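One structure below.
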Amino acid sequence: MKRFRKYIILLLIFNLHSTFSLLGNDDVFVKKVIIQGTNQISKNEVKNNLSFTGTSWIGRRVLKNKPTIYDEQILKIGGEEIEHLYHTEGFIDVNVDASYEFTNKKKSRVKIIYNIEENEPAIIEKVRINCGDSLVFSKIESLLQKRRSLSAIEGAVFRDENVNDDQNTLKQYLIDEGYAYAQVSSSIKVDTTSNTVFLDWYLNPESINYLGEVTISGNERTPDKTILKQLAFNKGDVYSREKLNISQLQVFQLGTFHIASIQAKLGEAKNDTIPIEIVTKEAPRHSVKLGVGYGREDRVRTFIDYRILNFTGGARRLHLIAKHSYITPYHFEATFTQPAFLGPNSTISFSPNFGKVNEVSYRLFGYGANIKFQQKITNNLSASISPYYEYVKLDTTSVLEEMDLNLLLSAYSKNGVTVGAIYDNSFPKTDPNSGWSIAFNNKMSSKLFNANYPFVKLQAEVKKYIPAGNNLTLAFKLKAGTINPLYDSSVPIEERFFGGGSRSVRGWQRFMLGPIKGDLPTGGNSSFEFTFEPRINIYGPLGMVVFLDAGNIWEKSGHIKVTDLRYATGAGLRFKTPIGPIGFDVATPIFDDSKKWLFHINIGHAF
């Protein structure tokens, strides 16, 4: 115990010595910076623009932050930085009054006070575009009328950032029209009496340019002809940076490269024809991914993914995947993919598979295959169509006695086609804080080849992410579906909708929301779910969520009643990782007889 106290005393002495060494005996340091008088620009934005800050006791003693030593130069620098910030935002007549006050009797700490008089911002009175080439001028004028993409326009507040953005926009317009060496400059005149700005743009397109010879390097396995088919241009086309960017993306979509860069070899000579260089670095031909995780529902889960690139030549690839969890004791799948099937943005794949499923309400073994054709329509929109065949061997002893076993065959097949589309501009993908995700899926099962259960299954899901400040994201999810059996048949139990669980209405255990007979769920033919989830960043990778879930499952097709919705609420913690956040949630039903709390663990958000 005595030795322990000695260590504590020595540690305190060292800490005090470090602090005094850091500050010096006669130094006066800045404890606090106070901003007053702001209206158009927030106090936090002004503080963040300063090159110094105040330092608290915790910052000095615990976090060991170096304090700001006060002098008149610091006071002056801060005022100049605030004036510069306001000038860039169009407040040319801003006045900043700087002062300081001692905060202790020893006069070793001060608070700096900046009192800001913003005054009115400068307004853009006139914008003119000047270009010696009348043809180029008419093209640019037409583009501006269509896109309305300039920010520094007549009547707007003059801001440096808007002028810089517009300069880049005008230059990009010229480049995309084929003028690779185009130059754009501006002239800004300020009328201080009227507080207005006159902005002149000067466009110098130079001569028009063309795309020349294409050279490719770094591709040892992927043939040149496969890469060339992905290009969005031909030799001799008018120069376009946009086409080069699209080509680069389409080459990378082949899936065989770590790096795919397409650059125009611009030179000082400014030749009319510009050679194009494609530099690639191929990914390893053979790769293996292993994964281990845990969830409250599927418990320990593992997977192995073996990938072979340039399989049988070209850019074709083969994936061999094996998975295991409590819900899926085993699942094996092989996917053979041919990229650029009917064009640079289309793929076709063939996927045979087999596996076993142990769900709350049923157990089954199945095998099947599908052929999937996928077309990328835009960067955010894609569609697919997939003919499929499935054979199911159902363990009828796992199904409730209350269900009509005459309608449940022990072995049956399904075949048909699945059609889907998804629009997704959410960002970033593993932990989105902005954008939309809208998905639609239609699975149709026919009576061909003696299939037993013809039906049409429709599902739609909408997710929206709204940034609400630096540390808050508002997330919404709306999901609905219906299954319509055809020819007076029934719906296989594995195709029905089930509710509840870590990615559904979290106040209920997996599958336990909806129709129940005995003690086990039977699923239904209609579903509806809604979730509102504010996500809050606390510190570094640590965050938290609160949520309200609503939803239910109904036995009848196309039958959704708002008055039947069940509700749950709860909260959770999130810890960000490179593969997505790890989530820990607790939830309980509300407006319900059940008040049981449930605990969920997952990798990734609920949606």
Side-chain angles (χ1 to χ4, degrees), residues 146-149 230 232 242-243 245-255 260 335 337-349 351 370-388 416-444 456-468 472-484 497 499 503-505 526-535 545 547 549-551 558 560 579-581 602-607:
K146 289 180 181 178
R147 302 185 186 181
R148 299 183 182 275
S149 53
Q230 295 299 99
E242 183 180 7
K243 287 184 178 181
N245 291 338
I246 292 171
S247 299
Q248 180 171 295
L249 179 62
Q250 291 178 170
V251 171
F252 191 76
Q253 283 174 182
L254 289 172
T335 300
T337 302
Q338 170 64 66
F341 177 60
L342 296 178
N345 294 303
S346 66
T347 61
I348 190 169
S349 61
S351 300
N370 67 77
I371 299 173
K372 183 176 183 180
F373 174 76
Q374 187 164 355
Q375 177 68 45
K376 181 181 175 184
I377 301 169
T378 69
N379 285 338
N380 300 317
L381 177 63
S382 63
S384 65
I385 183 168
S386 177
Y388 69 90
V417 63
T418 298
V419 179
I422 182 168
Y423 174 84
D424 187 358
N425 69 347
S426 60
F427 182 83
K429 296 303 179 185
T430 58
D431 187 12
N433 55 33
S434 64
W436 290 86
S437 175
I438 303 171
F440 169 79
N441 186 270
N442 180 10
K443 183 176 183 179
M444 294 167 283
V456 175
K457 184 177 183 179
L458 301 172
Q459 297 180 87
E461 183 178 55
V462 178
K463 294 180 282 190
K464 173 64 175 172
Y465 308 95
I466 303 174
L472 176 64
T473 300
L474 303 179
F476 300 84
K477 181 188 75 172
L478 181 66
K479 185 178 180 181
T482 184
I483 311 173
N484 295 291
F497 296 111
R503 301 190 185 278
S504 177
V505 182
S526 297
S527 73
F528 179 87
E529 291 180 8
F530 171 80
T531 294
F532 169 55
E533 184 176 277
R535 299 171 180 174
V545 302
F547 53 83
D549 296 334
I560 296 175
I579 59 173
N602 263 317
I603 293 180
H605 285 292
F607 62 94

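Bear in mind that the values here come from a model prediction, so they are computed numbers and not experimental data. Quick note: numbers below take in every heavy atom, side chains included, and nothing from hydrogens, waters or symmetry partners. This chain uses plain numbering: 1 for the first residue, then up along the sequence.
Looking at Asn380 and Thr378, their side chains never bring a donor and an acceptor atom within 3.5 Å of each other. No donor-acceptor contact under 3.5 angstrom links the side chains of Thr337 and Ser349, judged on distance only.
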Pair Lys376-Leu249, side chain to side chain contact (heavy atoms under 4.5 Å, CB included): steps then yes or no: CA-CA 12 Å; Lys376 181 181 175 184; Leu249 179 62; 3.5 Å; yes
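Here the side chains of Asp549 and Glu529 are not in contact, with every heavy-atom distance at 4.5 Å or above. Using a 4.5 Å heavy-atom threshold, the side chains of Gln375 and Phe341 count as separate. Residues Ser382 and Gln374 meet the side-chain proximity criterion, which asks for heavy atoms closer than 4.5 Å. Using a 4.5 Å heavy-atom threshold, the side chains of Asn433 and Tyr465 count as separate. Using a 4.5 Å heavy-atom cutoff, the side chains of Phe440 and Tyr423 are not in contact. By the 4.5 Å heavy-atom criterion applied to side chains, Val462 and Phe476 are not counted as neighbours. At least one side-chain heavy atom of Lys457 sits under 4.5 Å from a side-chain heavy atom of Gln459. At least one side-chain heavy atom of Phe607 sits under 4.5 Å from a side-chain heavy atom of Glu533.
Separation of atoms CG (Asn442) and OG1 (Thr418) is listed at 8.0 Å; rounding is to 0.5 Å. Distance check: Phe497 CZ to Thr482 OG1 gives 6.5 Å after rounding to the nearest 0.5 Å. Taking OG of Ser426 as the start and CG of Asp431 as the end, the distance is 10.5 Å to the nearest 0.5 Å. Here Ile385 contributes atom CD1 and Asn370 contributes atom CG; the two are 12.0 Å apart, rounded to the nearest 0.5 Å. To the nearest 0.5 Å, atoms CG (Leu458) and CG (Asn484) are separated by 6.5 Å. Note that OG of Ser386 is 9.5 Å distant from CD1 of Ile348, once rounded to the nearest 0.5 Å.
With a 6.0 Å radius and a threshold of 12 heavy atoms from other residues, nucleotides or ligands, Phe252 has its CZ atom at or below the threshold. More than 12 heavy atoms of other residues, nucleotides or ligands shown are found within 6.0 angstrom of NZ on Lys464. Counting non-hydrogen atoms of neighbouring residues, nucleotides and ligands closer than 6.0 angstrom, the CZ atom of Phe427 reaches no more than 12 such neighbours.
At least one test fails for Arg503 against the ring of Phe547: distance under 6.0 Å to the centre or angle within 45° of the axis.
Across all their heavy atoms, Val417 and Tyr388 have their closest contact at N-CE2, 3.4 Å. Nearest heavy-atom pair across Gln248 and Ala260 is CG-O, 3.1 Å. Taking each heavy atom of Gln230 and Ala340 in turn, the nearest pair found is OE1-CB, 3.1 Å. In terms of heavy-atom proximity, Trp436 sits nearest to Asn425 at N-OD1, 2.6 Å. Residue Leu254 comes nearest to Pro339 through the heavy atom pair O-CG, 3.8 Å, listed as atom of the first residue, atom of the second, then distance. Here the closest non-hydrogen pair linking Ser437 and Asp424 is CB-OD1, 3.9 Å.
Between the side chain of Ser247 and the main chain of Ala232, a donor-acceptor pair closer than 3.5 Å is present.
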